[in-house]
S.K.: 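Sharing a structure with you now.
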Amino acid sequence: MVDTLYIEQAVLELETTAAVVSRYPKARQIVIDRYGEVFNSHAQNFRTQKQNPSLILAEKQNAKVMPAPAQYETGGGAHYYFSHMLNCVYDCRYCFLQGMLRSANYLLFVNYQSFIEEIKSIAARHVDDEKPVWFFSGYDCDSLAYEPVTRFAETFVPAFEDIPNAVLELRTKSTQVRSLLAREPINNVVVAYSLSPEPVAAELEQGAPTLAKRLDALKKLQDHGWRIGIRFDPVVWHAGYDQTYAQAIDSVFTKLDPERIDSVTLGGFRLPKGFFKTMLKLYPEHWLFNAGLSEQAGLVSYQPQLEREVLDAVAAQCRRFVSPDKLFVYYSDEAQQSQP
Amino acid sequence: MSHAPVVTMVFALTCEARPWIDALKLKKSDARPFDLYTGDSIEVVISGIGSESMATAVGWIAGRSPRPRVWLNVGTAGHATRELGELFLVHGCAASESGRAHYPPLVAAWTGSTDALLCVDHVSDQYPGGAAVDMESMAFFNAAMRFSNSELVQSMKVVSDNEQSGVEHLNSKRITELMQPHVDAVMRYAANLLSLVPASFSVTTVLDLESLRASHSIKQQIQRALHQLAALDVDAERVSDVLQDQTNARDMLTRLQALVSNTAPMLGSTKGVVKEATNG
């Protein structure tokens, strides 16, 4: 439960602000000029703040939609990402946000219409492209986990009905799919679930739904007609990982119809060096930051041979169920080679 | 020397601190130049009035020991409309009405009032709208945040004067009376702050790095490998076995790094359970 709301002066009158504030009638409200005064101030500790994050309501100024890194392509055309929110209600130990952001407070940009206008404007520039332009949501937050408060999907999904040459990918671990099940699916929205085997999720994904619950939500979405994606990213190396992942993959693809899955992506645990150093300082005792890693060209990832061994083993398990054209494996050393 | 975290309370005046000194039976230290009172996991410093005194006192007490600290500035403040004797937690602090504000992260549980605070250079009978006024808070935050994370640096104020009362009624005795009722609430908050201090992670000593003949870089890498093995719950005994009969630092490093590479973490384990290098 959020007990402190920081609200930018500029968004005090917005409808979305009022709707969010009404969810927290007992929270103290502190009016601020710009979110950076709270979110970016120095000497903050992400781990400490994660024990009781506040919610900041702000206006996103300047560019709202950014080009996405090439390695995140899943067979689409041009690809972009946008973040209506920074930080997440879950506490996943591997999450890069712990290394990227100074604050663990939830920062929600409530000027949704400005985002939608910019998305439409970018899509218009790609109207003659052979393939649709992709917009990824959920890099810097979970797209659905805070849905009862933010109404993000409820607002953005209908907007994509009017942008037929664009695809919206919602990345999530959440079971908050009520708004999606309450409406007709549209073909240019993909709901991509980050999945981990149950023992990995239990140890590394605090607060997130269990694998079984995520699969229940996925099944409902697939049965309802939504396009779905599967993300095993990061794949986490541990003793007996091949069996752990084999069991998880069996349960995923026996529960869901593999023929109607949009894409499956795999990637090892990896972080930019600067993020890794920050996260190691926050959690020096955690095995995740101390097992099997090496640094190459500014990226900390599993040692190349180990990463290939692990990803190849998990990919082989996936190929038992999905066709090769739907499976995308990201090797850290190849990503580095492909960097300009 | 103890490395247990301590609550460091900084007051401008002894009359503000008196209720805590008496209630917690704190002992006055011989230390100089600031008055210092200590007890179990608590220390009270009297800084004197004004920013310079406050910043100096914070630096002085921080330099006395490297113990992890939570910092709590407690004192009096003026406010246009709040009742005399009201206690509040500071949720924002600025050195001027147009200046950049500091917002202390409100992570520790506190169900009482909060308010903004304007920090001024001299005693004033002007009360700005929507904020309390004091003379030390900004210096306190700026100085203490050099030694602890901002979540652990907080300020609480008791209203000593308002537009109706003015400052003429204030004297030492009256200030102590205003502070007296808040000892328990402040200490409960201090305990909540203390609970936020992360547990420290230490690596069992299996090697005297200081006496090792090796370059600084090699020593650092050995230190890192020992850290990794501790995080992977490899027994110190096992690490000692690997280093047995090794006198060359480079050979030690090679062996330690091989042990790290060959140790796969085991999920759901408790301390001391790891599995060797099966990669699945």
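Every chain is numbered from 1, with letters handed out A, B, ... down the list of sequences.
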S.K.: Do Leu106(B) and Tyr6(A) make a side-chain contact, defined as non-hydrogen atoms from C-beta onward lying under 4.5 Å apart?
M.R.: yes
S.K.: Please determine whether the number of non-hydrogen atoms from other residues, nucleotides or ligands lying under 6.0 Å from atom NZ of Lys219(B) exceeds 12.
M.R.: yes
S.K.: Given heavy-atom pairs under 4.5 angstrom as the criterion, report whether the side chain, backbone, both or neither of Tyr245(A) touches chain B.
M.R.: neither
S.K.: Highest number of heavy-atom pairs under 4.5 Å with chain B: which of Gln303(A), Arg34(A), Lys26(A), Arg28(A)?
M.R.: Arg28(A)
S.K.: Using side-chain heavy atoms (C-beta onward) and a distance below 4.5 Å, is Asn149(B) in contact with Phe46(A)?
M.R.: no
S.K.: Could you go through His238(A) and Met266(B), starting from their C-alpha distance and side-chain angles, then the distance that decides it, and tell me whether this counts as side chain to side chain contact (heavy atoms under 4.5 Å, CB included)?
M.R.: CA-CA 6 Å; His238(A) 58 274; Met266(B) 183 172 276; over 6 Å; no
S.K.: Quick one: what part of Thr4(A) sits under 4.5 Å from any heavy atom of chain B, side chain, backbone, both or neither?
M.R.: side chain
S.K.: Specify which of Asn52(A), Leu293(A), Val310(A), Leu280(A) makes the most heavy-atom pairs with chain B at under 4.5 Å.
M.R.: Asn52(A)
S.K.: Tell me whether His91(B) contacts the main-chain N or O of Ile30(A) through its side chain, where contact means a donor paired with an acceptor under 3.5 Å.
M.R.: no
S.K.: Based on non-hydrogen pairs under 4.5 Å, which of His286(A), Gln51(A), Arg47(A) is most in contact with chain B?
M.R.: Gln51(A)
S.K.: Just give me the residue among Pro284(A), Ala313(A), Gly292(A) that pairs up with chain B most often, heavy atom to heavy atom, under 4.5 Å.
M.R.: Pro284(A)
S.K.: At a heavy-atom separation under 4.5 Å, does Val200(A) approach chain B through its side chain, its backbone, both, or neither?
M.R.: both
S.K.: Measuring heavy-atom distances to chain A, does Arg224(B) have an atom under 4.5 Å in its side chain, in its backbone, in both, or in neither?
M.R.: side chain
S.K.: Nearest 0.5 Å, please: how far is OG in Ser150(B) from CD in Gln49(A)?
M.R.: 6.5 Å
S.K.: What pair of heavy atoms forms the shortest contact from Ser148(B) to Ala43(A), and how long is it?
M.R.: O-CB, 4.4 Å
S.K.: Quick one: CG on Asn290(A) to OG1 on Thr263(B), what's the gap to the nearest 0.5 Å?
M.R.: 11.5 Å
S.K.: Count the heavy atoms of every other residue, nucleotide or ligand shown that sit under 6.0 Å from CZ of Arg320(A), and state whether that count exceeds 12.
M.R.: yes
S.K.: For a side chain to side chain contact (heavy atoms under 4.5 Å, CB included) check, start with the C-alpha distance between Trp287(A) and Leu267(B), then their side-chain angles and the critical distance, and finish with the verdict.
M.R.: CA-CA 10 Å; Trp287(A) 56 263; Leu267(B) 298 181; 3.5 Å; yes
S.K.: Please report the closest heavy-atom contact between Glu37(A) and Ala101(B), naming both atoms and the distance.
M.R.: OE2-N, 3.9 Å
S.K.: Going by atom types alone, do Glu151(B) and Gln44(A) pair a side-chain donor with an acceptor below 3.5 Å?
M.R.: no
S.K.: Please report the shortest heavy-atom distance between Trp237(A) and Ser261(B), naming the atom on each side.
M.R.: CH2-O, 4.1 Å
S.K.: Answer yes or no: are there more than 12 heavy-atom neighbours, outside Gln305(A) itself, under 6.0 Å from its atom CD?
M.R.: no
S.K.: What's the spacing between Glu285(A) CD and Asp233(B) CG if we round to 0.5 Å?
M.R.: 10.5 Å
